Amino acid sequence: MSSPTPDALLGPSDVRELAAALGVRPTKQRGQNFVIDANTVRRIVRTADVRPDDVVVEVGPGLGSLTLALLEVADRVTAVEIDDVLAAALPATIAARMPARADRFALVHSDAMHVAELPGPAPTALVANLPYNVAVPVLLHMLEMFPTIERTLVMVQAEVADRLAAGPGSKVYGVPSVKANWYAEVKRAGAIGRNVFWPAPNVDSGLVSLVRRTEPIRTTATRAEVFAVVDAAFAQRRKTLRAALAGWAGSAAAAEAALVAAGVSPQARGEALTVEEFAAIAENRADADADAVDTAQHAQHTEESRPS
């Protein structure tokens with residue numbers, strides 16, 4: 001592997017000059033805050049445990065600060081960029097600053113939420129600075145679409161990082177926590193100061209590490225079925241699961257039957273459950289439906305057999 005030149009990464013003046021040349025003004029709508037510190041992007045690459053044989057997918061590369069740091073280490077980098085101007089400019093930035101690695105870079109000009117395939121070898125790692133307003137859906141979409149991604153490191157708003165890494169019983173444990181844990185072991189991996197961005201955001205940022213489960217969660221329920229239970233449980237998180245899952249199960253009685261069959265207290269709340277317990281509830285919904293039908297049919301038969 002050719003060694004990149006020492007000044008290959010983007011510094012504060014490089015980022016501002018590049019943005020000015022492109023007529024780019026960071027927009028709040030897309031949550032654009034460009035990293036201007038070379039030490040920070042190298043730290044992200046180290047924390048992500050990027051290896052020389054990795055095929056890394058990066059979402060939202062922007063002007064290329066993190067992209068260049070990834071190319072220093074990884075075998076290949078594929079960047080997914082939605083912005084027309086940034087997508088058009090990035091290949092030229094890579095070619096100018098890291099020419100020896102330019103053939104190892106690929107660009108996908110698309111909304112990450114619509115990406116279902118990537119060019120070249122299958123990705124083994126996902127590393128990204130994600131805008132807070134789309135961070136969770138983009139992360140979950142990429143983990144679903146690309147099961148070959150073993151290691152993920154995302155930089156997100158600190159609150160989002162806390163939610164993703166939260167465990168059962170935590171006040172911030174919720175839908176993102178459970179769904180991320182369906183795919184991976186999740187943990188906080190550090191904090192990022194505001195002064196490494198341009199423009200400096202009004203919120204703190206955090207790093208989240210996700211290492212994909214070597215063995216998927218054992219369940220006969222599908223991912224969609226499990227996620228439906230999770231969504232229902234947290235849509236009314238203050239209610240007991242018997243009440244919160246009534247709509248999902250068809251009735252409070254059917255919800256209770258599924259919960260009892262799964263070994264979960266009907267009086268529990270969603271914030272106390274592990275992803276495995278949500279999977280168990282999803283598994284038992286079909287049985288609960290069948291029991292409810294049997295009960296209804298039995299009641300109808302009894303009513304019909306009564307003398308008039």
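Excluded from the calculations below are hydrogen atoms, water molecules and symmetry mates; all remaining heavy atoms, backbone and side chain alike, are included. As the structure is a computational prediction, the values presented were derived from the model and not from experiment.
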Query - Heavy-atom donor-acceptor pair, Asn33 side chain to Pro199 backbone, under 3.5 Å - result: yes
Report task. Before giving the answer on side chain to side chain contact (heavy atoms under 4.5 Å, CB included), spell out for Ile94 and Leu68 the whole-Å C-alpha distance, their side-chain angles and the decisive distance to 0.1 Å. Result -> CA-CA 7 Å; Ile94 302 301; Leu68 289 162; 3.7 Å; yes
Query raised in the report: So do the side chains of Asp14 and Arg97 get within less than 4.5 Å of each other, counting heavy atoms only?
Result: yes
Requested in this report: Just do the side chain to side chain contact (heavy atoms under 4.5 Å, CB included) check on Trp182 and Val230 with the steps written out, would you?
Outcome: CA-CA 11 Å; Trp182 167 265; Val230 175; over 6 Å; no
**Report entry** Closest non-hydrogen atom pair between Arg151 and Asp54, with its separation
**Finding:** NH2-OD1, 2.8 Å
Query raised in the report: Glu277 side chain to Thr274 main-chain N or O, any donor-acceptor pair under 3.5 Å?
Result: yes
Report task. Could you tell me whether the side chain of Asn181 and the main chain of Val178 form a donor-acceptor pair under 3.5 Å? Result -> no
Query - Side-chain donor/acceptor of Glu58 to backbone N/O of Ala79, under 3.5 Å - result: no
Query raised in the report: Do Val55 and Phe105 share a hydrophobic cluster (ILVMFWY, side-chain heavy atoms under 4.5 Å, transitive)?
Result: no
Query - Thr240 versus Pro266, closest heavy-atom pair with distance - result: CB-O, 3.5 Å
Taking only distance into account, with no hydrogens and no angle test, what donor-acceptor pairs under 3.5 Å do side-chain atoms of residues 164-173 form with protein atoms, sequence neighbours excluded?
unit_1: Ser170; atom_1: OG; unit_2: Val172; atom_2: N; d: 3.2
unit_1: Tyr173; atom_1: OH; unit_2: Leu273; atom_2: O; d: 2.5

Query raised in the report: Is the shortest heavy-atom distance from the side chain of Phe146 to the side chain of Leu126 under 4.5 Å?
Result: no
Query raised in the report: Can you check whether Thr124's main-chain N or O pairs, donor with acceptor, with Thr148's side chain at less than 3.5 Å?
Result: no
Requested in this report: Please tell me if the side chains of Val35 and Leu66 come closer than 4.5 Å, counting only heavy atoms from C-beta onward.
Outcome: no
Requested in this report: Taking the side chain as every heavy atom from C-beta outward, state whether Val24 and Asp83 have any pair of such atoms under 4.5 Å apart.
Outcome: no
Query raised in the report: When you check the gap from the basic side-chain N to the acidic O, do Glu225 and Arg285 get nearer than 4.0 Å?
Result: no
Report summary line: Scanning both residues in full, the closest heavy-atom pair of Arg269 with Arg238 reads NE-O, 2.7 Å
Query raised in the report: Are Met145 and Val211 grouped together when hydrophobic residues (ILVMFWY) are joined by side-chain heavy atoms under 4.5 angstrom apart?
Result: no
**Report entry** Verdict with supporting geometry, Leu9 and Met98, side chain to side chain contact (heavy atoms under 4.5 Å, CB included)
**Finding:** CA-CA 9 Å; Leu9 301 195; Met98 215 170 275; 4.2 Å; yes
Query - Val136 vs Arg163, side chain to side chain contact (heavy atoms under 4.5 Å, CB included): CA-CA, chis, key distance, verdict - result: CA-CA 10 Å; Val136 172; Arg163 286 196 200 111; over 6 Å; no
Query raised in the report: Nearest 0.5 Å, what's the CD1-OG1 distance between Ile192 and Thr47?
Result: 7.5 Å
Query - Val134 reachable from Val80 in the ILVMFWY side-chain graph, under 4.5 Å edges - result: yes
Query - hydrophobic_cluster_shared for Val154 and Val175, side chain cutoff 4.5 Å - result: yes
Query raised in the report: Once you round to the nearest 0.5 Å, how far does CG of Leu86 lie from CD of Glu81?
Result: 5.0 Å
Report summary line: Tightest non-hydrogen contact, residues Leu241 and Ser265, listed as CD1-O, 4.5 Å
Query - Side-chain heavy atoms of Phe227 within contact of Glu144, under 4.5 Å - result: no
**Report entry** Check: Thr93 and Leu63 side chains under 4.5 Å, non-hydrogen atoms
**Finding:** no
Query - Short side-chain donor-acceptor distance under 3.5 Å, Arg194 and Asn202 - result: no
Report summary line: Taken to the nearest 0.5 Å, the spacing of His109 NE2 from Leu90 CG works out to 11.5 Å
Query raised in the report: Within the side chain of Arg101, is there an N or O that forms a donor-acceptor pair under 3.5 Å with the backbone of Leu71?
Result: yes
Query raised in the report: Within a strict 4.5 Å, meaning less than it, do heavy atoms of the Leu70 and Val50 side chains meet?
Result: yes
**Report entry** Test item: Val275 and Lys179 side chains (from C-beta on) under 4.5 Å apart, heavy atoms
**Finding:** no
Query raised in the report: If you look at every heavy atom in Ala279 and Ile217, which pair is closest and at what distance?
Result: CB-CG2, 4.3 Å
Report task. Take the angle between the ring planes of Phe278 and Phe234 and call it parallel below 30°, perpendicular above 60°, tilted in between. Result -> tilted
Report task. Using atom types as modelled and distance alone, determine if a side-chain donor or acceptor of Arg212 lies under 3.5 Å from a backbone N or O of Ile149. Result -> yes
Query - Distance (rounded to the nearest 0.5 Å) between Leu207 CG and Leu153 CG - result: 5.0 Å
Query - Leu130, Thr152, Val59 screened by side chain to side chain contact (heavy atoms under 4.5 Å, CB included) with Met142, the one that passes - result: Val59
Query - Path from Trp248 to Val260 over hydrophobic side-chain contacts below 4.5 Å - result: no
Report summary line: When every non-hydrogen atom of Arg242 is compared with those of Ala252, the smallest separation belongs to NH1-CB, 3.2 Å
